[in-house]
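Just below is one structure, and these are the notes that go with it.
What's counted below: heavy atoms across the whole structure, side chains too, no hydrogens, waters or symmetry copies. Just so we're clear, the structure is a prediction, and the values are computed from it rather than from any experiment.
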Amino acid sequence: MSIHHESEPKLYRYSRTVCGVFTHVLCALFSVFITVLSRPGSSLFSWHPFLMTLAFSFFMTEAVLLFNPYSSPIKKLKHKTKGRLHWILQGLCVCCAAAGLSAIFYNKKLNDKPHFTTWHGLIGVLTLAVVGLQSLGGLPLLYPKLAKGWSLAKLKRYHAASGLLTYLLGSLSLFLGLCSAWFSSSVNGYVWYLAVLCPVLCGLVIMSQVTNAYMARKPMQY
């Protein structure tokens, strides 16, 4: 961890650590909740909410939290190792999201329903495309030879900024999914509001992490 972090007030460090740990727990609990609710395997449709939540709530959140200087489970490892693990988790995110999209696409085809007629559907397919491009865009950071003269520092900053937008897009897709007829009819009362808070709170923590590391001040070395 950088000297800067060591010089920060203890209360600030503790609060950032608590927020990071809370986000780890929250994204895991939310994924388990949707898994129990959707019962993957009970129908073709059931795979859609399960896989999409696994992709955008769990894998993508954990991929970003690997770089959290306060609560990363691998914060003592080298940045290069973190980068490889980050890319693997992002790859799993893309695979799960693609499988989830395929499940709902085929389900609608079997039931003769139109495709991509809601904001949830449109934002979802856009998010999948952007996540795929973001994963490809991270390759020059893993293999600097692909950068071909580009400044790695600038590439990291661009990748972080576009990655934040990608994460927020994924969070929006999850939020719209929670507004769907399926989810609204599956839960009621305060449960719906608690569920909606999950992607919102995770999004705020990730936004704070990325802006503090790459935008609010000079890039940090972890």
Looking only at non-hydrogen atoms, find the nearest pair between Val94 and Val131 and report the distance. CG2-CG1, 3.4 Å
What's the verdict on side-chain contact (heavy atoms from CB on, under 4.5 Å) for Lys108 and Ile104, showing C-alpha distance, side-chain angles and the deciding distance? CA-CA 6 Å; Lys108 284 181 175 290; Ile104 192 63; 4.1 Å; yes
Within the structure provided, determine whether Arg84 and Lys78 are in side-chain contact (heavy-atom separation under 4.5 Å). no
Can you confirm whether Leu165 sits close enough to Leu169 that some side-chain heavy atom of one is under 4.5 Å from a side-chain heavy atom of the other? no
Considering non-hydrogen atoms only, spot the tightest contact between Ser46 and Gly41 and give its length. OG-N, 3.0 Å
Could you tell me whether the side chains of Thr61 and Tyr167 share a donor-acceptor contact shorter than 3.5 Å? yes
Cys19 SG to Tyr70 OH distance, which is reported to the nearest 0.5 Å: 11.0 Å
Run the numbers on Asn107 and Lys113 for side-chain contact (heavy atoms from CB on, under 4.5 Å), then give the verdict. CA-CA 9 Å; Asn107 183 69; Lys113 292 183 178 180; 6.0 Å; no
So, do Leu164 and Thr211 sit near enough that their side-chain heavy atoms are less than 4.5 Å apart? yes
Just how far is it from atom OG1 of Thr166 to atom CZ of Phe56, taken to the nearest 0.5 Å? 10.0 Å
In short, side chain to side chain donor-acceptor pair (under 3.5 Å) pairs touching residues 125-139 with sequence neighbours left out are Gln134-His159, Gln134-Ser162
Under 4.5 Å between side-chain heavy atoms, counting indirect links through other Ile/Leu/Val/Met/Phe/Trp/Tyr residues: same cluster for Tyr106 and Leu51 or not? no
Tell me whether Leu176 shares a hydrophobic cluster with Val200, the cluster being built from Ile, Leu, Val, Met, Phe, Trp, Tyr side chains joined at under 4.5 Å. yes
Value for CG (Leu139) from CG (Leu146), rounded to nearest 0.5 Å, stands at 6.5 Å
Heavy-atom neighbours of Arg39 CZ exceed 12 at 6.0 Å: no
More than 12 foreign heavy atoms under 6.0 Å from CG of Asn111: is that the case here? yes
Does the plane of the ring in His115 sit parallel, tilted or perpendicular to the ring in Phe105? Use 30° and 60° as the thresholds. parallel
What is the ring orientation for His48 with Phe45, classed by angle as parallel under 30°, tilted 30 to 60°, or perpendicular over 60°? tilted
Can you tell me how far apart OH (Tyr12) and OG1 (Thr17) are? Round to the nearest 0.5 Å. 10.5 Å
side-chain hydrogen bond (donor to acceptor under 3.5 Å, both in side chains) against Ser208, all qualifying residues, sequence neighbours excluded: Arg16, Asn212
Return the minimal non-hydrogen interatomic distance between Ala160 and Val210, and the atom names on each side. O-CG1, 3.7 Å
Hphob cluster co-occupancy, Phe58 + Val36, side-chain heavy atoms under 4.5 angstrom: no
When hydrophobic residues are tied together by side-chain contacts of less than 4.5 Å, even through go-betweens, does Leu89 share a cluster with Leu77? yes
Walk me through it: do His79 and Lys156 pass the test side-chain contact (heavy atoms from CB on, under 4.5 Å)? CA-CA 12 Å; His79 188 85; Lys156 285 182 180 181; 4.0 Å; yes
Between Trp192 and Asn188, does the side-chain contact (heavy atoms from CB on, under 4.5 Å) criterion hold? Intermediate values first, please. CA-CA 6 Å; Trp192 186 87; Asn188 51 50; over 6 Å; no
State the CZ-SG distance between Phe30 and Cys198, to the nearest 0.5 angstrom. 5.5 Å
With a 4.5 Å cut-off on side-chain heavy atoms, are Phe67 and Ser72 touching? no
Any idea which heavy atoms bring Thr23 and Cys202 closest together, and the distance? CG2-SG, 3.8 Å
Side-chain heavy-atom pair Leu133, Val130 within 4.5 angstrom cut-off: no
Ring-ring centroid check Phe175 His120, cutoff 6.0 Å: no
Please check if the number of heavy atoms outside Trp87 that lie under 6.0 Å from its CH2 is greater than 12. no
Step through the shown structure and confirm whether more than 12 heavy atoms of other residues, nucleotides or ligands are within 6.0 Å of CH2 on Trp182. yes
Can you check whether Pro49 reaches Leu37 side chain to side chain, under 4.5 Å on heavy atoms? no
Minimum heavy-atom separation for Leu178 and Ser184, please, with both atom names. O-OG, 3.9 Å
Quick check on the hydrophobic clustering: are Ile206 and Leu172 connected, directly or via other members, by side-chain heavy-atom contacts under 4.5 Å? yes
Beyond-backbone contact of Asn68 with Lys75, side-chain heavy atoms, under 4.5 angstrom: no
How many angstroms lie between OG in Ser57 and CD in Glu62, if you round to the nearest 0.5 Å? 9.0 Å
Do you know which two heavy atoms are closest between Cys96 and Ala55, and how far apart they sit? CB-CB, 3.8 Å
Does Phe33 reach the side chain of Val191, with side-chain heavy atoms less than 4.5 Å apart? yes
